[in-house]
4 protein chains.
Amino acid sequence: MTKQELVDRRQREIIAVASRVFAERGYHNTGVADIARELGAGHGTFYRYFESKLDLLRHVLDHAVDRIMAALADEDPGASDTAQEYRAQVERIGAALFRLLRDDDHLVRLLTMHASNVDAEITARVSEAAESLFSLTESYLRNGVDKGFLRADLDIEITARGVNGMILLGALNALGREEAINSERWIRGFTDLMFDGITAR
Amino acid sequence: MTKQELVDRRQREIIAVASRVFAERGYHNTGVADIARELGAGHGTFYRYFESKLDLLRHVLDHAVDRIMAALADEDPGASDTAQEYRAQVERIGAALFRLLRDDDHLVRLLTMHASNVDAEITARVSEAAESLFSLTESYLRNGVDKGFLRADLDIEITARGVNGMILLGALNALGREEAINSERWIRGFTDLMFDGITAR
Amino acid sequence: MTKQELVDRRQREIIAVASRVFAERGYHNTGVADIARELGAGHGTFYRYFESKLDLLRHVLDHAVDRIMAALADEDPGASDTAQEYRAQVERIGAALFRLLRDDDHLVRLLTMHASNVDAEITARVSEAAESLFSLTESYLRNGVDKGFLRADLDIEITARGVNGMILLGALNALGREEAINSERWIRGFTDLMFDGITAR
Amino acid sequence: MTKQELVDRRQREIIAVASRVFAERGYHNTGVADIARELGAGHGTFYRYFESKLDLLRHVLDHAVDRIMAALADEDPGASDTAQEYRAQVERIGAALFRLLRDDDHLVRLLTMHASNVDAEITARVSEAAESLFSLTESYLRNGVDKGFLRADLDIEITARGVNGMILLGALNALGREEAINSERWIRGFTDLMFDGITAR
DNA sequence: GATGAATGAGAATTCATTCAT
DNA sequence: GATGAATGAATTCTCATTCAT
């Protein structure tokens with residue numbers, strides 16, 4: 001293993017610990033010394049791997065965004081040709097997100113609650129990630145409208161934001177309750193709402 | 001004006017300023033001195049009206065929750081007998097929320113992003129408010145299912161969380177973009193999504 | 001009652017309250033607001049009667065010293081011609097001091113413990129009072145040596161300091177215990193020690 | 001030198017500086033910044049060695065009490081069988097105390113004047129130390145009464161308090177005057193008073 | 001390369017004093 | 001004359017960052 005690889009591994013280790021601790025206690029309530037203690041290292045060591053506490057937060061957020069994006073990358077926004085197929089895609093995406101949250105149950109909390117009030121730059125970074133997710137949802141919806149299996153009069157932008165909000169805040173709520181996550185029920189509930197609405201027919 | 005009224009007025013003034021500043025810069029990035037400066041007062045003055053900075057935050061949050069609850073209090077969750085009527089209720093609620101957000105554009109940001117990582121007690125307070133909103137949505141949905149104008153197989157809990165997420169995070173997005181808020185478009189987009197889903201028929 | 005008399009009365013009232021509170025909680029732990037509250041007056045009022053908190057302390061100490069001096073003024077240091085007579089004087093002085101302490105049980109504490117670490121000027125003032133008491137004891141002892149009823153080889157200065165220490169710290173101890181003050185026992189114990197020493201004969 | 005030894009040494013250094021400064025200026029008039037300045041260190045450094053300013057005071061007082069107790073520990077309260085022997089013991093104790101005061105001329109001032117009005121807990125700590133000294137004197141006196149070389153009718157409790165007051169406040173007076181301390185004269189004066197009283201025979 | 005002791009900028013809070021009402 | 005709201009200097013304590021070992 002080269003020297004660079006060792007450095008990378010240590011950085012990843014620190015990011016993993018910091019992700020958890022930042023999500024649990026918040027950026028401002030977590031000291032560099034806390035992170036170092038959890039790592040079992042001196043807190044001077046920390047500065048060999050990151051320029052500053054803020055620099056670490058940037059890496060932590062980038063890592064979180066990367067993981068979420070990776071979970072979504074398996075699906076192609078243009079792949080579906082029927083509502084049935086799109087619904088199946090959404091279910092697979094939902095399942096992937098739930099798997100992610102089950103492994104890293106602090107990911108959402110990190111992004112939505114704890115990282116935003118640090119800095120204008122950090123806020124912008126989080127917003128940018130949210131916009132990416134929004135654009136992704138938009139392209140799925142556009143595909144469906146173009147191919148005619150989604151409503152022709154769909155306001156794609158508004159709907160995309162609504163769908164994302166439903167998913168993200170729903171996920172946050174799912175985590176808040178400590179109940180074992182019954183992912184199937186959540187996914188069914190959300191896809192039903194998204195595809196069919198609440199009205200009886 | 002009695003002395004108590006003067007005290008109340010000054011407290012409200014401080015809460016108004018702090019709501020804005022906390023939302024803009026975050027609780028931790030805002031010093032008592034900053035708040036005092038914006039008030040045009042010495043920072044000792046602040047402590048005549050609030051016990052501590054944390055005490056102020058509690059008041060700020062309570063005030064925010066009160067305003068949101070007040071905006072929702074005009075409607076009765078059991079009033080509607082048809083999907084049509086319920087949709088009209090939702091549109092009125094949406095309009096009320098948009099009016100609220102137009103006046104206090106930091107309200108949502110305050111609750112969702114900036115207040116949560118201060119303290120376990122503060123987190124609990126925000127969660128509690130979120131749960132109230134969730135329960136409220138649940139009672140609307142239950143009314144519709146009971147009366148038969150909403151889908152009989154609706155998973156009320158999951159759907160309520162989805163709907164609230166759609167609204168809250170959607171609102172946050174709406175504010176994030178600084179575009180003049182076209183509330184009618186947002187409301188139509190969200191009600192269409194909520195009542196009819198995205199599928200073409 | 002003239003205006004000046006009203007001012008004097010109010011000043012004495014404040015001094016009385018402050019003597020107690022300073023003795024109980026210490027100068028630094030007592031705020032101007034505390035004194036005002038006990039007086040049932042606004043704390044701005046305080047400044048009509050005293051220049052500052054420190055000025056009040058000066059008056060409080062002067063008053064305490066005056067009371068102690070007054071309690072000692074009834075006896076004449078040159079009056080005794082025999083050890084018997086001097087012992088009677090000492091017993092009367094002791095009784096007078098105990099009466100004083102019973103009325104104002106904070107007087108000693110005020111002088112010995114709570115007033116000294118405020119200021120160089122205050123420390124000097126307390127020392128000066130202690131020196132007066134010391135000189136007074138010296139003149140009693142000198143009278144006895146001159147008249148031959150006290151030991152000819154008495155080191156008057158040292159003995160005077162010893163006797164005063166015995167009395168003052170003894171008094172402080174007597175107050176520390178909350179036991180009802182059995183003044184006769186204390187006076188007998190101290191005069192026996194002072195006149196006869198501890199050695200068996 | 002181990003790390004723990006370095007920490008201990010630095011703590012002792014801080015205690016030594018603080019003992020002097022607290023005694024000179026008083027606890028309340030001494031800021032943490034003052035102590036740090038005298039140490040030639042940043043004031044953050046202080047908090048590496050003591051939890052708080054109050055914690056430092058506790059250590060300072062404990063150290064002072066330890067030194068006084070150590071100076072008294074060489075003598076055995078039950079060792080003397082004659083007044084002559086006891087007087088010799090008292091003279092040795094007096095000499096030891098004077099040596100102590102010559103080295104640490106702020107010790108007594110610290111205990112009697114400057115430490116008492118900080119806190120109920122601190123007051124209790126000082127009182128407790130005073131009670132220990134009182135008990136020690138009592139056991140010397142009891143030994144003498146039991147063996148018959150001190151007066152059978154001695155009120156041991158009262159006398160012990162008187163003797164301690166004589167010594168402590170006498171010592172304080174001795175220090176107050178800046179005259180070179182002529183310890184022999186003080187010791188002779190006090191032992192004469194204590195053993196023989198002032199009456200001519 | 002790792003460490004953690006030292007540092008001081010910065011933050012919250014207190015309280016004696018002033019002064020407009 | 002009395003009041004207490006306003007003030008800001010001063011104080012204690014925290015913690016990100018540096019750097020000598």
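Here the structure is a predicted model, which means the values were calculated and not measured. Excluded from the calculations below are hydrogen atoms, water molecules and symmetry mates; all remaining heavy atoms, backbone and side chain alike, are included.
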**Message:** Using side-chain contact (heavy atoms from CB on, under 4.5 Å), reason through A:Arg10 and A:Arg48 one step at a time and then give a plain yes or no.
**Reply:** CA-CA 10 Å; A:Arg10 196 81 168 121; A:Arg48 301 213 134 274; over 6 Å; no

**Request:** Begin with the C-alpha distance, continue with both residues' side-chain angles, and end with the deciding distance and a verdict on side-chain contact (heavy atoms from CB on, under 4.5 Å) for A:Asp34 and A:Arg37.
**Result:** CA-CA 5 Å; A:Asp34 296 321; A:Arg37 195 179 317 112; 3.4 Å; yes

**Asked** Is there a side-chain contact (heavy atoms from CB on, under 4.5 Å) between C:Phe46 and C:Leu39 once you walk through the steps?
**Response** CA-CA 9 Å; C:Phe46 167 84; C:Leu39 279 163; 5.7 Å; no

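Toward the 5′ end of DNA chain E lies the nearest nucleotide of D:Phe46, the other residue of the pair C:Leu54 and D:Phe46 mapping further downstream. The residue among B:Glu51 and A:Val7 whose nearest nucleotide of DNA chain E is located toward the 5' end is A:Val7.
For the pair A:His28 NE2 and E:dG10 C1', the interatomic distance rounds to 14 Å; values are reported in whole Å. Whole-Å rounding puts the B:Asp8 CG to F:dA5 P distance at 13 Å. Taking atom CG on A:Asn29 and atom P on F:dC15, their separation rounds to 9 Å, with Å as the unit. Between the CG atom of D:Asp119 and the C1' atom of F:dT12 there is a distance of 15 Å, given to the nearest Å. Between the CG atom of D:Leu56 and the P atom of F:dT12 there is a distance of 11 Å, given to the nearest Å. Distance D:Gln4 CD to E:dA5 C1': 14 Å, rounded to the nearest Å. To the nearest angstrom, P of F:dT12 lies 12 Å from CG of D:Leu57. Counting to the nearest Å, the C1' atom of F:dT11 and the NZ atom of D:Lys53 are 8 Å from each other.
When heavy atoms are screened at a 4.0 angstrom cut-off, B:Tyr49 is found touching the sugar-phosphate backbone but no base atom. At the heavy-atom level, D:Arg10 lies under 4.0 Å from the strands shown only through sugar-phosphate atoms.
Rounding to the nearest 0.5 angstrom, the gap separating the CG atom in B:Leu61 from the CG atom in B:Leu57 is 4.5 Å. Here the straight-line distance linking atom OG of D:Ser19 with atom CG of D:Leu56 works out to 8.0 Å at 0.5 Å rounding.
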For nucleotides 19-21 of chain F, give me every protein contact, N/O to N/O, under 3.5 Å, one pair per line with atom names.
none

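The ring-ring contact (aromatic ring centres under 6.0 Å, His included) check on A:His43 picks up nothing, with sequence neighbours excluded. Annotation: side chain to side chain contact (heavy atoms under 4.5 Å, CB included) contacts of B:Glu121 (sequence neighbours excluded): B:Arg58, B:Asp119, B:Arg125. By the side chain to side chain contact (heavy atoms under 4.5 Å, CB included) test, A:Gln4 is found to be paired with A:Thr2, A:Val7, A:Asp8, residues two or more places apart in sequence or in another chain being considered.
Contacts between residues 30-39 of chain A and DNA chain F, defined by a heavy-atom separation below 4.0 Å, involve A:Thr30, A:Gly31, A:Val32, listed by number.
End-to-end axis angle of the helix from E:dA2-F:dT21 to E:dT21-F:dA2, using five pairs per end and rounding to 10°, comes to 0°.
For C:Ser52, no side-chain nitrogen or oxygen approaches OP1 or OP2 of E:dA16 to under 4.0 Å.
For the pair C:Asn29 (side chain) and C:Arg25 (backbone), a donor-acceptor distance under 3.5 Å is present. Counting only distance, with no hydrogens or angles, the side chain of A:Tyr27 and the backbone of A:Leu54 share a donor-acceptor pair below 3.5 Å.
When all heavy atoms of A:Lys53 and A:Phe22 are compared, the pair lying nearest together is CE-CE2, 4.5 Å. Between A:His59 and A:Ile15, the closest heavy-atom pair is CB-CD1, 3.8 Å.
You'll find that the side chain of A:Arg48 is closest to E:dT3, out of E:dT3, E:dA12, E:dA16. Side-chain proximity of D:His43 to E:dG1, E:dT14, E:dG8: nearest is E:dG8.
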